[in-house]
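Note that the structure is a prediction, hence the values are computed from the model and not measured.
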Amino acid sequence: MSASVSELVERLVERFEREGLRVVRRGFLEGFSGLRHFFDLIVEDPQSGKKIAISLIDKLGFEHVISILGTRLDTRTPHVVFASMIEPGVERILRGSNVMVISLGGVAIAGSVPEGLEEKVLGDVLKILGGIG
Amino acid sequence: MSRRSMELAKTGIEGFDEAFGGLYRGQMVMVTGNPGSGKTTFCAKFLYEGARRFREPGLYISTVESKEEFYAYMRGLGMDFESLEKEDLFRYVEMLTPTSEDALMNLSKELTRRALEIGARRIVIDSITPILALTPSIEARAVLHNALKAITRELGAIVLITGETPIGEERIEHGVEEFVVDGIIRLRLEVPEAGAPRRIMEVLKLRGRPISRAFYDFEIGPPAGIRIYLSGVLEELESKIDLADRISTGIEGLDRLLGGGIIRSTATAVIGPPGSGKTLLLLTLAAENAARGEAVAFVTFEEPRQQIHSTLEFLGYDPGDLVERGLRILSVNPRAMSIRAFYDVVQKFAEMKGGKCSILIIDGLNTVRREFGVGFHRVVRDTVLQAKKAGITTFLSLLKQPEARGEEAVTHLSTLVDNIIELRIKEEEGRMKREVVVVKARMSEVPGRIFELRLERGKLEVG
């Protein structure tokens, strides 16, 4: 992960916490199968108990699809994947199972966080947490 | 499951679609069985017909066979995958001996990327067993299957995965698959001590479809590749019987014993020991009816055609004239005959579906019984039921051991046939005497008495 991506993640963690959300780094969720699935970040709304799992992947390719879908279906927790590069087509397959893919391409290439990305991610995460039924 | 994915798609496998209507899009079905049971051929046929007939691109991921081997083997079964590949309707991916931890990632990559590349609507993973072997726990395997199902739904495809069952075992993979997948088709190859091997398809589960019957015979071979047999299974047991519409046996006295002849569209077994006159009786019946303009098919598994012609001449008939009038004679060597070939020979020869034959006579069935072993009764049963449905009047000759009594000789078939004519040989005053008794004649009144069957001047007579 590039320094600029790490910087973005840290700023997001800070924003999540400022919104009153609990953030666990390198945490795990236990799936319905009993298996533990590890994530880079787990964001939880302490009031509702709703959670979002976040993974950071440098290059998201077709090789990750089975693993991500398996995890998503087993934990039944919304999953957001940040990736610097995304192989065309992968997003389409993951989207069908409600896995959100966010491109960090601009961050990795330009070395700076594009304007509005941080706000977009924050907005999306809050929307998911609010929207969990 | 989305509305799109609930669409029923024909597999293109003859017999399977007639029985089940096809498979639903978005479903994942496991095809399991011992090595050599026909899993690869079943799956290949599913892809081949999907591409060829329905223009649906297919993806085949193999962990067991190279592309060259697969193409060559399938070509031998009448499936040309090379031409489909040239049309972008087929892709074959080799994932041989997946032994590393990357196997799952490779499967993920090849499956999703290739499927999207060609817009695959049909996918086969053959076999999933080596990949599951790398997945340490039942829980992990369940997670894997669920992920595969999600991909299946998203692509709107139908996915077949094959699973290996070790020889001598019947379990399905590791126990979790039967709950996760949408369907389970188990293929078996039974090799009896005597007789031809028998292939059986069991449909143990098919989500969304009631399963009315669990066992189906099937055969592998060109040109169909694979074919499931439904004969006498799903169709209603109906036939148009008119008690007044009777066929003469060609022997006046025997017609009387039968209450005026054989009712059309029924099945009759002629039983007796060797030399009792079964073939003579059936050939008389064939010749007399052909002479009256009936289309008669005579299939024999015991005698060459020339011998049949000679016997007809001995009985005073002109074989050439009879053939012109509608008698068809087929002499088949029963050795090495498979169940598939039997169905083909009898059904196509008799042209049951076309209704061109009105009388079907099968002589020498015991020879086939030896070749078929345990599958014999079912084959005969299916053939008779199909004939009845097509309005064909059927006659079968069966060898009866001297010690067997009446219907015992046709055990398992006695409920199937409507009439049983038994021929006997009796020694009397130093000469062999033939006798005939009508043991059973459904829907007719029969005297139940034994009469002499004589051969007078080349003609059979009763009384």
*Asks:* Got a second to check how far L111(B)'s CG is from I66(A)'s CD1, nearest 0.5 Å?
*Replies:* 5.5 Å
*Asks:* What part of I151(B) is in contact with chain A, defined as an atom under 4.5 angstrom from a non-hydrogen atom: side chain, backbone, both or neither?
*Replies:*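 Both backbone and side chain.
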*Asks:* Does atom CD of E10(A) have more than 12 heavy-atom neighbours from other groups under 6.0 Å away?
*Replies:* yes
*Asks:* In Å and rounded to the nearest 0.5 Å, what is the CG to OG distance from L144(B) to S33(A)?
*Replies:*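 If I round to the nearest 0.5 Å, the distance is 12.0 Å.
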*Asks:* Look at L73(A), I68(A), I93(A), V90(A) and state which one has the largest set of heavy-atom pairs under 4.5 Å with chain B.
*Replies:*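 Ranked by heavy-atom pairs under 4.5 Å with chain B, first place is I93(A).
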*Asks:* In terms of heavy-atom proximity below 4.5 Å to chain B, should L35(A) be classed as side chain, backbone, both, or neither?
*Replies:* side chain
*Asks:* CG/L69(A) to CZ/R153(B) distance, rounded to the nearest 0.5 angstrom?
*Replies:*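 Result: 9.5 Å between the selected atoms.
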*Asks:* Kindly indicate whether the side chain of F62(A), heavy atoms from C-beta on, has any atom under 4.5 Å from the side chain of L116(B).
*Replies:* yes
*Asks:* Please give me the minimum heavy-atom distance between A147(B) and G70(A), naming the atom from each residue.
*Replies:* CB-N, 3.6 Å
*Asks:* Do L155(B) and R92(A) make a side-chain contact, defined as non-hydrogen atoms from C-beta onward lying under 4.5 Å apart?
*Replies:*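 Answer yes - side chains close enough.
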*Asks:* State whether E154(B) and R95(A) are salt-bridged, where the test is any N-O pair (Lys NZ or Arg NE/NH1/NH2 against Asp/Glu carboxylate O) under 4.0 Å.
*Replies:*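 Answer for the salt bridge query: no.
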*Asks:* Drop me the distance from M105(B)'s CE to E63(A)'s CD, to the nearest 0.5 angstrom.
*Replies:*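 So the gap between those two atoms works out to 5.0 Å.
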*Asks:* Would you call D74(A) and N146(B) a side-chain contact if the rule is heavy atoms closer than 4.5 Å?
*Replies:* no
*Asks:* How about E87(A) and R113(B): do any of their side-chain heavy atoms sit closer than 4.5 Å?
*Replies:*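 A side-chain contact under 4.5 Å exists here.
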